[in-house]
Protein chains: 2
Amino acid sequence: MPGDKLPSEALLSKELHVSRTVVREAFRSLAAMRIIELAVGRRATVAQIDHGAMSLMIEHGVHTDQINIQQIYDVRRTIETRIVTLAAIRRSDAEAAEILALAARMQASIADPAALLEHDLAFHTALARASRNPVYSLLIGAFQGITRQTWPIGWKSRPTQAARDLMVTTHVDISRAVAASDPQQAMVLMSLHFDESVRALLTAGLS
Amino acid sequence: MPGDKLPSEALLSKELHVSRTVVREAFRSLAAMRIIELAVGRRATVAQIDHGAMSLMIEHGVHTDQINIQQIYDVRRTIETRIVTLAAIRRSDAEAAEILALAARMQASIADPAALLEHDLAFHTALARASRNPVYSLLIGAFQGITRQTWPIGWKSRPTQAARDLMVTTHVDISRAVAASDPQQAMVLMSLHFDESVRALLTAGLS
DNA sequence: CCCCCAAACCTGTCGGACAGGTTTTGCCTG
DNA sequence: CAGGCAAAACCTGTCCGACAGGTTTGGGGG
């Protein structure tokens, strides 16, 4: 279970009849995938699932032209429409409040792209959490790294105030639908949001 | 780009003023995430995206009770309904033939669970490939490891010949809808397949 | 011009060493 | 007996040197 300790490097190397070097490299490999956690002086422990490694893998795919942004958005659209449906059904009252608050913060920081981006990411992360399926949280997290890099492109391709308002208002509407426990409405709004986002990215000329 | 060579360990350790040990462990970490590829005598190379690492992460999540099978199936259902829609639209004739053939093989090996499982996995992998979105292939691959472990449970909970026939027939029907370029029909059938699969797993008492 | 072989290069593994950091132990005090 | 404290034991991170194979390269001979 997460938190459980693994045998020390010295012990493992003796039991398996290999050098500590080999054990260390094996531990490193597991740590890279966030299956275990390493710390100085302390024994290795079983780790909680984390999107860090997955995020790097996705970024690698994009940076080496094996994946393009359109494809990422198609996947995000697919899972986020499901996430918002589940969130509208399963969200606790605290989660509803958090999601409403994050949408409000987006609206408040519409003039500050950097802050807006972070609130946007936090909004979608909160929705994923409210879906009560950790796999969705994991996947949303995995796409966060690359989203952070490409989001400004989409924002710049919404040059008019109206387009920018629409983007933020849609998030507010989604949050209200989730708070109102209206999965159908929430899903439709999320679809619209992604339709619009993909259009914006296409306008920006992203392959 | 994939295939490009990285500097040798010795060179990097000299340039970065660290020991070769440190460079090696860094390389190991990247290799664990399949970002680079290591081989004896050869220099490290940039790797192609691969689901191996992601598969291990998912399995870790399941084995440590951080993710359950229902949640995996909800995600698979969500992305596979999208995959089959895209596949029906984008599949090449060769891909259509392959998908039809794999469904036929499933039907032929209905009495051999081990073979049936492998053909089932190959079927869904082929569909993902036909969707022309490598991220879907990546995710389907990531779930393959855990599916291989839980598939027999679902199969055993379909004790009647009729239930087993239905499962295989649905795959055949899906392959025909994809071959006929009927995304709507393919999507509905895939939904039915997952409805039925989740029901089977619930019957088996999977949390 | 092509082929083959030796040299140079490179990775995988080993052993030993030591600087810090953490956990355990055992003693001492109240 | 309980609690706290300091030393000892333990552990990881990093370094160095060495060597067994595997791979690449370059030169010489045909």
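Numbered from 1 within each chain, the chains take letters A, B, ... in sequence-line order. In this text the structure is predicted, and so the values were computed from the model without any measurement.
Using a 4.0 Å cut-off between charged side-chain N and carboxylate O, E9(B) and R43(B) make no salt bridge. Here E95(A) does not pair with R129(A) in a salt bridge; the nearest charged N to carboxylate O distance is not below 4.0 Å. Under the 4.0 Å criterion applied to side-chain N and carboxylate O atoms, D74(A) and R82(B) are assigned as salt-bridge partners.
For DNA chain C, the neighbouring residues in residues 5-24 of chain B, judged by any heavy atom under 4.0 Å, are S8(B), E9(B), R20(B), R24(B). Using a 4.0 Å cut-off on heavy atoms, the residues of residues 28-38 of chain B that approach DNA chain C are R28(B), L38(B), listed by number.
Taking every nucleotide of DNA chain D with any atom under 4.0 Å from a non-hydrogen atom of chain A, the first and last of them, 5' to 3', are dC11(D) to dT14(D).
Under 3.5 Å, the side chains of E37(A) and Q48(A) contain no donor-acceptor pair of N or O atoms. For the 3.5 Å distance criterion, the side chains of S55(B) and Q144(B) fail to qualify, holding no donor opposite an acceptor.
Residues V22(A) and S19(A) form a side-chain contact, since some pair of their non-hydrogen atoms from C-beta on lies under 4.5 Å apart.
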Next on the checklist: If you apply the rule salt bridge (Lys or Arg N to Asp or Glu O under 4.0 Å), what do you find for R148(A) with E118(A), and how did you get there?
Outcome noted: CA-CA 8 Å; R148(A) 189 173 272 118; E118(A) 293 306 322; 3.0 Å; yes
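Residues passing the side-chain contact (heavy atoms from CB on, under 4.5 Å) test with R42(B), sequence neighbours excluded: A39(B).
Among residues at least two apart or in separate chains, there is no ring pair (Phe, Tyr, Trp, His ring centres under 6.0 Å) pair with a member in residues 24-65 of chain B. The ring pair (Phe, Tyr, Trp, His ring centres under 6.0 Å) contacts involving residues 107-150 of chain A comprise F123(A)-H171(A), H124(A)-H171(A), H124(A)-H193(A), where partners must be two or more places apart or lie in separate chains.
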